[in-house]
*Asks:* 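Structure incoming, see below.
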Amino acid sequence: MCNSRLEEALVEELRDLLDAEKRLTKALPKLAKAAESEELVAAFESHNEETKKQVQRLEEALQSLGQKPLGKPCGAMKGLLAEGDELKGEADQGALRDAMLIAAAQKVEHYEIASYGTVIVWAEQLGLKKIVSLLSRTLDEEKAADEKLNGIAEELNTLAEVSQ
Ligand SMILES: [Fe+2]
Ligand SMILES: [Fe+2]
């Protein structure tokens, strides 16, 4: 039972995010495998470890609301990952494919940043401090992952110029 309609909406969003993060724990190892740059492989692998913790935080958040920790299919993440798969197939392993993998991963990070931003504001409005603090940690990780990808993309672009 939810205390308000906003809390109901929050539960729905948390379920959506839980499904999205679970999908990512399956997709990130594939992205790491497809990448060439060692730095990019390491970035995908370490973000996968963070993502597993993010799954646990969402489960904890749902449980703190008296809800079962179950996801509900996230169509947006399905679409983003399908598009990433397509892009991946368009280039052989190398700098160009790495650039495409980064593009796909950054779309995912931005989706996550938007979604966590929303649920944190809702949780704040509902006075759910535990959820705010749990998910703020996740939001910081998503922002850091996005920044790291920016840095790697810049380096790769520099390398591509040098190799022309
Ligand atoms: Fe995440
Ligand atoms: Fe992420």
Side-chain angles (χ1 to χ4, degrees), residues 7 9-65 67-89 97-124 126 128-157:
E7 191 175 310
L10 176 67
V11 167
E12 286 305 299
E13 284 298 309
L14 292 174
R15 293 211 160 113
D16 183 274
L17 270 165
L18 178 57
D19 180 78
E21 296 287 18
K22 282 188 174 169
R23 282 175 200 279
L24 282 169
T25 60
K26 290 186 196 126
L28 280 162
K30 290 185 200 159
L31 293 178
K33 221 173 175 182
E36 182 182 67
S37 147
E38 275 174 32
E39 219 185 329
L40 185 55
V41 173
F44 285 145
E45 283 172 351
S46 76
H47 196 49
N48 194 37
E49 291 311 306
E50 287 176 333
T51 301
K52 289 178 197 163
K53 282 186 228 130
Q54 295 171 357
V55 167
Q56 289 171 3
R57 287 184 199 129
L58 287 164
E59 289 173 343
E60 214 181 314
L62 282 163
Q63 279 163 336
S64 78
L65 294 170
Q67 301 289 331
K68 285 191 186 130
L70 298 173
K72 121 186 150 189
C74 173
M77 188 56 70
K78 267 194 210 169
L80 286 171
L81 292 175
E83 203 178 274
D85 258 351
E86 262 174 48
L87 272 179
K88 203 168 65 187
R97 188 201 266 175
D98 281 0
M100 288 174 171
L101 294 173
I102 292 172
Q106 284 196 291
K107 287 184 194 181
V108 166
E109 293 313 319
H110 284 231
Y111 175 76
E112 292 183 300
I113 289 167
S115 303
Y116 280 109
T118 300
V119 291
I120 288 168
V121 169
W122 289 0
E124 270 166 2
L126 290 164
L128 300 166
K129 287 190 188 139
K130 185 181 169 180
I131 293 182
V132 172
S133 98
L134 272 174
L135 301 186
S136 294
R137 273 155 66 194
T138 297
L139 179 59
D140 287 344
E141 289 170 357
E142 310 296 19
K143 287 181 180 167
D146 183 50
E147 277 301 308
K148 198 193 257 184
L149 291 170
N150 268 337
I152 300 174
E154 275 167 28
E155 269 173 45
L156 286 175
N157 288 339

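Both backbone and side-chain heavy atoms feed into the values below; hydrogens, waters and symmetry mates do not. In each ligand, atom 1 is the first atom listed, and ligand 1 is the first ligand listed.
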*Asks:* Given side chains that start at C-beta, do those of Y116 and D140 come closer than 4.5 Å, heavy atoms only?
*Replies:* no
*Asks:* Does one side chain, of H110 or E142, offer a donor that lies under 3.5 Å from an acceptor on the other?
*Replies:* no
*Asks:* Counting no waters, how many protein N/O/S atoms sit under 2.8 Å from the Fe ion (ligand 2)?
*Replies:* 5
*Asks:* Apply salt bridge (charged side-chain N to carboxylate O under 4.0 Å, His left out) to residues D19 and R15 and explain how you reach the verdict.
*Replies:* CA-CA 6 Å; D19 180 78; R15 293 211 160 113; over 6 Å; no
*Asks:* Considering only heavy atoms from C-beta outward, does the side chain of L10 approach that of L65 to under 4.5 Å?
*Replies:* yes
*Asks:* Do Q106 and D146 make a side-chain contact, defined as non-hydrogen atoms from C-beta onward lying under 4.5 Å apart?
*Replies:* yes
*Asks:* Starting from the C-alpha separation in whole Å, work towards a yes-or-no answer on salt bridge (charged side-chain N to carboxylate O under 4.0 Å, His left out) for R57 and E60.
*Replies:* CA-CA 5 Å; R57 287 184 199 129; E60 214 181 314; over 6 Å; no
